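Report on the structure given below.
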Amino acid sequence: MNTIIDGRDMQPPEPMERTLEALDTLGEGDEVLLLLYCQPHPLFSILRQNGYTWSEESRADGTREIRIRKQLG
Amino acid sequence: MHASLSFDQAPPISVPYRFFLVAPWFGVMAGILLAWSGSDAFVSRWTPEALALTHLIALGFMLQAMCGALFQFIPVAVGGNVWRPKLVANTVQPLLLLATLLLVAGFLFSRPGLLSAAVPFFLLALGGFVMVVALALWRTPATGMTLWAMRMAIGGLAVTVLLGSLLAEALAYGLAVPIVELTNVHLVWGLGGWALMLLAGVSYHVVPMFQLTKPYPLWFTRWFGPLLLLLLLAWSLRLFLDLSRWSMLVTLPLLAILSVYAGLTLWLQYTRRRKIHDATSLYFRVAMVSMLILAISGAAFVLWPALGADPRSVVWLGILAFAGVFVSAISGMMYKIVPFLNWLHLQRLGGPISAVPNMKKMIPAEAMTGQLRLHVLAVVLLLAAVWQPGLTRLAGLTLAASCAWLGWNLVGSVRRYQGFRDQIRAAA
Ligand code: HEM
């Protein structure tokens with residue numbers, strides 16, 4: 001199951017709270033898509049240390065698409 | 001449940017808090033000093049009281065808070081690692097405190113020996129701080145204009161401290177340097193190159209994030225910092241050349257870019273996606289309106305020299321900059337950073353997400369907006385006291401009261417953090 005969290009209209013730390021909640025139920029091959037206007041460094045460091053990978057892309061309007069998955073293996 | 005998640009080794013919460021918790025009390029000291037000295041303080045910028053007041057705010061309030069914020073902001077916003085944050089903070093913060101008290105006492109009691117005594121402590125504390133921060137800012141793989149603005153700001157701090165130290169030694173030993181010109185250069189680096197540069201860089205990041213505005217336009221973030229730096233360099237040429245006829249060509253563009261930054265920030269707030277009127281947004285609005293008034297009245301003083309000839313006109317600008325712009329913006333930032341850090345560090349304890357209270361529970365909203373109103377009253381009274389000296393004591397007392405309230409709100413938030421932490425630990 002894929003989850004989309006549009007954090008662009010949320011005040012911190014709501015996007016991070018929602019993402020952490022979504023990660024709790026993330027299955028193999030599932031993806032969380034997080035939309036933000038900034039780079040969430042605190043979240044990245046949590047992901048890095050807990051075996052998640054992510055990719056980032058920016059849209060023309062400054063939105064960043066952050067796709068999070070479980071690291072394979 | 002995410003009890004298994006581990007959090008990064010960002011600095012312990014005590015690192016920023018030891019700076020934040022002392023900053024407001026320097027504002028209290030400034031207010032009490034003003035109430036005690038009364039109407040003489042604002043006669044000109046060169047009174048011992050005025051010099052002591054500027055540095056109580058610039059070093060005691062602003063620099064303390066900004067150092068604490070940088071320790072936190074560097075890992076969170078630009079993904080940089082500060083070397084041994086706890087050790088550095090535990091050394092820098094008390095040294096800075098001591099140096100500031102010595103410098104302020106030197107100004108207030110006209111004892112140049114104390115000014116000179118403060119210098120080694122400043123060089124040690126801020127030299128170390130600048131090196132550690134610069135290293136973190138140059139080694140991070142992040143990119144973007146917030147990072148560049150922070151790099152320029154830390155350079156601005158270095159220039160300010162060096163010029164301030166030179167001034168202090170010059171006053172103590174009667175060195176043959178142009179004191180007035182040197183002071184003018186020192187103060188624009190302190191207020192512009194350091195404080196404003198940092199505020200702008202941080203704004204690019206936090207205004208959209210916390211106040212839910214559109215991002216600053218790219219043309220602005222690309223040009224503001226470099227242009228500011230260029231204008232500061234041009235302003236500094238006065239040390240070497242006689243620029244009295246040209247100074248308008250630097251001053252007016254400088255005031256113009258201030259108004260663009262302030263106007264743009266107000267416009268972003270006005271057109272934001274979701275209207276929120278928390279203390280942080282309101283404090284930023286107060287800061288930006290003060291900056292606009294500063295730019296407009298500064299331009300008026302330049303264009304109509306008869307207006308600017310009154311020694312009080314510079315005091316008016318100083319109050320707008322210190323109390324109106326920086327104390328406001330920094331108070332607003334602390335009201336956001338402190339609840340956020342409470343939340344982040346409670347998360348780290350590893351309990352379930354539901355165990356961590358909402359950020360809004362960390363400082364009651366009414367306590368923040370009440371304090372903000374008192375601060376605005378203090379700024380208005382301070383400005384009025386420039387032209388109505390009878391109001392000086394009242395203005396000082398109001399400033400002291402509003403800073404004490406700020407300090408109290410922050411202490412309350414730390415207490416709440418400790419309470420929640422103990423609850424979560426007990427439940428685990
Ligand atoms: C980092 C932030 C700082 C800021 C924003 C700042 C700001 C200012 C301002 C606005 C003035 C002019 C005061 C007036 O005209 O009433 C001034 C003067 C002065 N500052 Fe600073 N300052 C800073 C740091 C320092 C430091 C670290 C020192 C000492 C090591 C220092 C020493 C002095 C001295 C000696 C004067 C000249 C006083 C005179 O000519 O009588 N400042 N500063």
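None of these values were measured; they are calculated from a predicted model. Hydrogens, waters and symmetry mates are skipped; everything else that's a heavy atom, side chains included, is used. Naming convention: chains lettered A, B, ... in sequence-line order (proteins, then strands); numbering from 1 in each chain.
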Is it the side chain or the backbone of [X] that comes within 4.5 Å of chain A heavy atoms, both, or neither?
X	result
B/L218	neither
B/M359	side chain
B/K214	neither
B/N358	neither
B/F210	both

Salt bridge between A/R59 and A/E65, side-chain N to carboxylate O under 4.0 Å? yes

Any salt bridge between B/D278 and B/K336, counting N to O under 4.0 Å? yes

Check this for me: A/I4, atom CD1, are more than 12 non-hydrogen atoms of other residues, nucleotides or ligands nearer than 6.0 Å? no

Heavy-atom neighbours of A/E57 CD exceed 12 at 6.0 Å: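 Not buried by this count: 12 neighbours or fewer within 6.0 Å.
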
Taking the six-membered ring for Trp and the full ring for Phe, Tyr or His, determine whether the centres of B/Y417 and B/Y17 are under 6.0 Å apart.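 Not under 6.0 Å, so no.
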
Among B/P339, B/P357, B/P364, the one residue meeting side chain to side chain contact (heavy atoms under 4.5 Å, CB included) with B/R416: B/P364

B/S413 and side chain to side chain contact (heavy atoms under 4.5 Å, CB included): which single residue from B/N342, B/L21, B/L341 fits?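 Checked B/N342, B/L21, B/L341 against B/S413; only one passes side chain to side chain contact (heavy atoms under 4.5 Å, CB included): B/N342.
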
Any idea which of A/P40, A/G51, A/P13 has the most non-hydrogen atom pairs under 4.5 angstrom with chain B? A/P13

Testing the basics here: between B/L70 and B/M150, what is the closest heavy-atom pair and its distance to 0.1 Å? CD2-CE, 3.5 Å

Would you confirm whether B/Q269, through its side chain, and B/S281, through its main-chain N or O, come within 3.5 Å as a donor-acceptor pair? yes

Tabulate, in ascending numerical order, the residues of residues 138-149 of chain B having at least one heavy atom closer than 4.5 Å to a heavy atom of chain A, or enter 'none'.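 Within residues 138-149 of chain B, no residue comes under 4.5 Å from chain A.
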
